[in-house]
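The sequence lines fix the lettering, A, B, ..., with proteins before strands; numbering per chain opens at 1.
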There are 2 protein chains.
Amino acid sequence: MTSQTQTPNNRRKRRTATSRVTMTDVATRAGVSAQTVSRVLRQPELVGDEVSRRVREAILELQYVPNFAASQMASNRSGIVAAIIPTISASIFADTVQALSDVFVPEGYQLLLGNNEYDLEKEEELVRSFLGRGPDGLVLSSTHHTEATRALILGAKIPVVETWDWEETYLDLMVGHSNVKAARVVMDHFVSRGYRRIVFAGVTNAGDFRAKARLTGYRAAVKALELDRERVLTLTGKPLSMASGAETMNRVFAEFPDADAVFFSSDVFAAGALLHCVRLGVSVPGDIAIAGFGDFDFSAHLVPSLTTVSVHAGDIGRTAANLLLARMRGEAVASSRIDVGFELVPRESS
Amino acid sequence: MTSQTQTPNNRRKRRTATSRVTMTDVATRAGVSAQTVSRVLRQPELVGDEVSRRVREAILELQYVPNFAASQMASNRSGIVAAIIPTISASIFADTVQALSDVFVPEGYQLLLGNNEYDLEKEEELVRSFLGRGPDGLVLSSTHHTEATRALILGAKIPVVETWDWEETYLDLMVGHSNVKAARVVMDHFVSRGYRRIVFAGVTNAGDFRAKARLTGYRAAVKALELDRERVLTLTGKPLSMASGAETMNRVFAEFPDADAVFFSSDVFAAGALLHCVRLGVSVPGDIAIAGFGDFDFSAHLVPSLTTVSVHAGDIGRTAANLLLARMRGEAVASSRIDVGFELVPRESS
DNA sequence: TTGTAAGCGTTATCAG
DNA sequence: CTGATAACGCTTACAA
């Protein structure tokens with residue numbers, strides 16, 4: 001017999017059976033309606049004790065796992081928070097992500113993570129793809145975005161927090177600190193200790209606006225403090241590694257032989273440079289002073305220990321998460337912009 | 001007029017309008033059916049050029065963002081890969097996550113990330129919540145799970161890859177290396193350089209089975225190499241920080257004054273210990289040799305540079321991702337278990 | 001306190 | 001090559 005002889009009833013469209021346990025299965029097992037199962041899960045206080053018990057039992061017996069996609073379709077809430085950071089690996093941003101996770105997961109949210117590699121186009125791509133998931137909130141790691149990114153986010157009408165930056169204009173919420181000021185504080189510190197021929201050595205990749213802000217702060221300080229002259233060394237395209245720092249130190253010796261201090265845009269570079277000096281027998285800070293940025297774990301332990309700026313990566317994540325959470329719940333926030341600050345940590349290297 | 005006077009037609013249940021642009025909106029705008037819009041997005045080759053052009057235009061004009069939850073409901077595929085690592089912050093696992101992201105994102109998958117803090121109960125919780133999202137694949141970071149976790153995963157019938165470990169039994173796929181062997185290699189190295197009174201110093205938190213495996217390797221080596229005796233220092237509950245390493249070094253001096261070498265379960269501890277020695281004026285390796293584990297960026301740059309084991313965190317992520325990808329596509333995999341190996345890196349500290 | 005029905009936005013299936 | 005329709009599993013709105 002060919003399939004054409006089948007009854008009209010058989011024409012009902014059937015998808016491949018999911019074989020997954022659904023809410024209805026649980027309901028049947030417990031002898032209630034699906035709606036009641038849903039209530040037991042969302043608003044247990046509205047369900048009678050005996051019914052509630054039977055439902056929970058059925059859930060355990062059937063190993064029921066709720067389908068969040070269906071839940072999202074029906075309720076228009078996803079339980080997802082999306083976060084975009086510049087880079088995940090071996091970076092200070094990992095501390096921020098950890099803090100985000102520490103706050104959001106206990107609240108029942110899941111964390112969708114992406115990295116833009118300091119590329120605004122990649123960020124746009126990520127935002128577009130994340131928005132398709134209908135996140136309840138979005139965490140970005142700078143205030144610099146393409147116009148399309150901005151439009152997408154505003155169109156999505158969800159709470160957004162921009163972090164690791166400090167600007168006058170922002171989309172919705174902002175948590176961070178001023179990198180310009182941070183650089184200035186380092187410069188003031190150098191000058192207070194008698195250094196005046198100061199080199200700035202930092203990555204100036206197109207998308208790293210934080211490093212650029214630090215450079216801006218350096219330049220302003222050179223002018224304001226009437227220092228000798230600008231001495232800038234850019235590490236374009238160099239990976240964030242200690243090897244880059246060591247290499248850069250050699251360039252300092254070659255290009256600015258009279259320099260008495262170097263301000264690196266990251267502790268990673270600074271540590272590489274410092275250890276390179278130790279190996280060469282160059283005295284730090286006797287022959288040249290060094291300061292970094294970030295206060296990494298190793299910075300306090302180096303010999304000599306590294307002068308740096310502590311930036312509270314965890315605080316940024318925690319603060320941003322709590323602020324976003326409040327907005328996601330529709331609660332009023334005291335301030336939509338929070339400066340978590342930074343801290344100069346003077347140590348032996350300067 | 002009360003609402004009761006309204007026409008029956010008004011009784012139609014209306015949810016709060018999403019205000020979001022849907023596929024139907026795009027279809028209307030382009031003068032085609034929703035199905036055609038879907039085809040343009042999923043199987044463009046099946047759609048005529050002119051129609052395709054009109055649809056793409058409409059998508060851009062309306063700033064259409066597809067709803068993945070709906071897509072998932074209909075297709076039973078989520079486009080999500082979930083990954084669970086022990087800890088995100090300041091850790092070698094961040095490199096693995098980066099590699100996962102580097103492979104999955106270009107393939108159109110989104111990464112759902114969670115950390116279990118070496119706690120199997122937390123892992124179970126995470127797996128349960130992640131499975132509700134219907135991930136197309138799952139990445140775990142050890143082969144140790146609760147029974148319930150195992151049952152959940154097997155019940156979900158999705159590809160899983162367990163990483164950072166090497167065992168005979170595994171759920172589906174495995175990518176990693178043997179920590180027992182890695183420890184043995186370090187011990188062989190110490191002995192070949194004349195050290196025989198070797199201390200093992202490592203975290204033995206309940207859930208850190210990798211550190212435990214290294215301890216197992218150490219113990220086996222002491223026996224096999226007929227060394228003086230076991231010298232074990234456990235850092236229970238200590239954070240993975242250089243400060244812990246320095247502190248532990250003091251304990252070595254106090255508890256094992258005759259020790260001639262120390263094997264730390266992480267480069268972080270080893271570096272803290274090494275720098276502590278430098279500060280105290282204790283010669284490394286003259287007075288005592290030091291080796292670590294992980295080959296962090298700083299390890300090569302320390303003075304003296306740190307002997308360690310390189311473990312290829314990025315390779316683990318890349319290999320795991322590609323293996324999982326193959327299985328998710330239903331492709332045959334040559335081997336379901338891949339040893340990415342490790343590498344002894346002898347340096348000045350031993 | 002519990003149940004019924006409609007609807008969320010997409011894709012699989014079948015028809016043309 | 002394009003369209004109509006049912007179905008995915010859940011929650012909102014309403015009824016009882």
request  = Calculate the interatomic distance between B/R54 atom CZ and D/dT2 atom C1'; express it in whole Å.
outcome  = 11 Å
note = Between B/A326 and B/V333 the two heavy atoms that sit nearest each other are CB-CG1, 3.8 Å
ask   = What is the ring orientation for B/H144 with B/F209, classed by angle as parallel under 30°, tilted 30 to 60°, or perpendicular over 60°?
value = parallel
query = Is any side-chain N or O of B/Y64 closer than 4.0 Å to OP1 or OP2 of C/dG9?
reply = no
ask   = Can you list, by residue number, the residues of residues 127-135 of chain A that have a non-hydrogen atom closer than 4.0 angstrom to DNA chain C?
value = none
query = Does OP1 or OP2 of C/dG9 have a side-chain N or O of B/T22 closer than 4.0 Å?
reply = no
key: Short side-chain to backbone donor-acceptor contact, B/S141 and B/I84, under 3.5 Å   = yes
query = Counting distance only, does the side-chain N/O of A/N115 pair as donor-acceptor with the main-chain N or O of A/E117 below 3.5 Å?
reply = no
ask   = Is there a residue in residues 31-46 of chain A whose heavy atoms reach under 4.0 Å of DNA chain C, and which residues are they?
value = A/V32, A/S33, A/Q35, A/T36, A/R39, A/L46
request  = Quick one: closest heavy-atom pair of B/V65 and A/L131, and the distance?
outcome  = CG1-C, 3.9 Å
task = Rounded to the nearest angstrom, tell me the gap between atom CZ in A/R20 and atom C1' in D/dC8.
result = 11 Å
ask   = Starting at CG of A/N76 and ending at P of C/dT10, how long is that distance when rounded to a whole Å?
value = 12 Å
query = Can you tell me how far C1' of D/dA6 sits from CE of B/M73, to the nearest Å?
reply = 13 Å
task = Look at the side chain of B/R337 and the backbone N and O of B/M174, then say whether any donor-acceptor pair between them is shorter than 3.5 Å.
result = no
query = Where is the tightest heavy-atom contact between B/G134 and A/R20, given as atom of each residue plus distance?
reply = CA-NH1, 4.3 Å
remark   = Rounded to whole Å, the CD-P distance (A/Q72 to C/dG9) equals 11 Å
query = If you check every side-chain atom of A/N67, which of C/dT11, D/dT12, D/dG9 has the closest atom?
reply = D/dG9
inquiry  = Please check if the number of heavy atoms outside A/R77 that lie under 6.0 Å from its CZ is greater than 12.
reply    = no
ask   = Are A/Y118 and A/S142 linked by a side-chain donor-acceptor pair shorter than 3.5 Å?
value = no
query = Do you see a donor-acceptor pair shorter than 3.5 Å between the side chains of B/T87 and A/Q98?
reply = yes
query = In degrees rounded to 10°, what angle is found between the helical axes fit to the five outermost pairs at each end of the helix from C/dT1-D/dA16 to C/dG16-D/dC1?
reply = 30°
